[in-house]
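Notes to accompany the following structure.
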Amino acid sequence: MTWQDDGLGQAGPHRVKAKMPTSAKHLWELLQDCWKNIPGDYLLKLIKRMPRVCKAVIKAKGHPKTKAFITHGGTNGIYEAIFHGVPMVGIPLFADQPDNIIHMKTKGMAVMLDINKMQSQDLVDAVNTVINDPSYKENAMRISQIHHDQPLKPLDRAVFWIEFVMRHKGAKHLRPASHELTWYQYHLLDVIGFLLICLFVMLYVTLKIFSICCRKCHPARRKQKKH
């Protein structure tokens, strides 16, 4: 049973597509030709097991045979790819995702595609470029080595600071001074008020000087008219 003969006709994929944001619909159209031949009952099982699938995807990034990672440019996915030294094909959608992919592209470990303009062949070419050009893997491994070069493992560092705070009863000496601010100081209302006063004073002085100059100029004009 496929999407075509699952009792919904073409309603299955189109109903899902209708709920998608505009930027994601284009990618859905590219993948729909691949999905239409997958049995519908299998897709339903896949959706129900999505949490386990996500965990499997995370593990797959660290698999030694993983050659590339196609990502939307989310922060978590970027850090996972850096951690495992896997080059990326970025298809950002919104928010910070374009900026994240641009950073990775600048570092030489990602190829960026425009979701609104890309064609299926563009995706194939981008994947082939990342896989066949060794510079992407080399840059990814270089950045991964920098990421791993730490005096302590992240877990050990987290355990240390948790125990540090417990030993020193909350570690008040590390508490930022912003916690002691009043509400108007926190929202910078005192700074805004001071700047507004300075602005009004400058405007008042400027208008006074302008009015004095106008008064001095008018009598001279009147004398010239009399003569």
Side-chain angles (χ1 to χ4, degrees), residues 18-27 54 58 69 71-83 88 90-117 139 142-144 146-226:
K19 298 180 180 180
M20 288 183 172
T22 304
S23 56
K25 289 180 180 178
H26 185 66
L27 183 59
C54 292
I58 294 174
F69 172 45
T71 175
H72 64 290
T75 303
N76 291 336
I78 292 290
Y79 276 115
E80 289 165 6
I82 292 175
F83 182 86
M88 292 169 278
I91 310 174
L93 302 178
F94 58 90
D96 63 333
Q97 297 166 6
D99 190 53
N100 292 340
I101 297 298
I102 288 174
H103 279 298
M104 294 299 98
K105 181 181 178 181
T106 303
K107 299 296 183 182
M109 64 171 293
V111 173
M112 182 175 179
L113 297 175
D114 188 344
I115 186 66
N116 297 312
K117 299 179 181 179
N139 291 326
R142 176 177 56 83
I143 296 174
S144 180
I146 295 173
H147 182 75
H148 283 277
D149 193 2
Q150 303 179 34
L152 292 174
K153 293 182 178 180
L155 180 59
D156 295 334
R157 187 165 61 250
V159 171
F160 167 78
W161 282 111
I162 291 172
E163 294 178 347
F164 181 89
V165 173
M166 294 173 64
R167 285 195 302 268
H168 297 282
K169 299 179 180 180
K172 294 183 179 179
H173 62 285
L174 297 178
R175 186 180 177 88
S178 59
H179 287 278
E180 308 300 330
L181 297 176
T182 60
W183 64 272
Y184 61 86
Q185 289 177 324
Y186 179 80
H187 293 286
L188 298 177
L189 297 181
D190 53 340
V191 177
I192 294 173
F194 175 76
L195 294 176
L196 288 175
I197 291 173
C198 292
L199 179 61
F200 288 142
V201 170
M202 292 176 61
L203 289 174
Y204 178 78
V205 172
T206 302
L207 291 174
K208 277 293 184 182
I209 294 174
F210 182 74
S211 62
I212 292 172
C213 292
C214 290
R215 290 174 184 174
K216 290 185 176 180
C217 292
H218 282 307
R221 290 181 181 177
R222 290 175 183 175
K223 290 180 180 178
Q224 289 177 358
K225 289 181 179 179
K226 289 180 181 180

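Positions are given from 1 along the sequence.
- For the atom pair CD1 (Ile101) and OG1 (Thr106), the distance works out to 11.0 Å, reported to the nearest 0.5 Å.
- The closest donor-acceptor contact from the side chain of Gln97 to the backbone of Leu93 lies under 3.5 Å.
- Within a 6.0 Å sphere centred on CZ of Phe160, other residues, nucleotides and ligands contribute more than 12 heavy atoms.
- Here the straight-line distance linking atom CD1 of Ile192 with atom CG of Leu199 works out to 13.0 Å at 0.5 Å rounding.
- Counting all heavy atoms, side chain and backbone alike, Leu152 lies closest to Arg157 at O-NH1, 3.4 Å.
- Heavy atoms only, all atoms of each residue included: Trp183 and Leu189 are closest at CZ3-CD1, 3.4 Å.
- If you take CD1 on Ile212 and CG on Leu207, they are separated by 11.0 Å, rounding to the nearest 0.5 Å.
- For the atom pair Asn100 CG and Tyr79 OH, the distance stands at 8.5 Å (nearest 0.5 Å).
- Ring orientation note: the planes of His148 and Phe83 are tilted relative to one another, at an angle of 30° to 60°.
- Atom-to-atom distance recorded for Lys208:NZ and Thr206:OG1 is 12.5 Å, nearest 0.5 angstrom.
- Checking side-chain atoms of Glu180 against main-chain N and O of Ala177 turns up no donor-acceptor pair under 3.5 Å.
- In Phe164, the CZ atom is crowded: over 12 heavy atoms of neighbouring residues, nucleotides or ligands sit closer than 6.0 Å.
- Using a 4.5 Å heavy-atom cutoff, the side chains of Asn139 and Lys107 are not in contact.
- Put simply, the side chain of Met109 does not reach to within 4.5 Å of the side chain of Arg142, judged on heavy atoms.
- A distance of 5.5 Å separates CE of Met88 from CD1 of Ile82, quoted to the nearest 0.5 Å.
- Heavy-atom minimum distance, Leu113 versus Pro92: O-CD, 3.6 Å.
- Trp161 and Leu174 get closest at one heavy-atom pair: CZ3-CD1, 4.0 Å.
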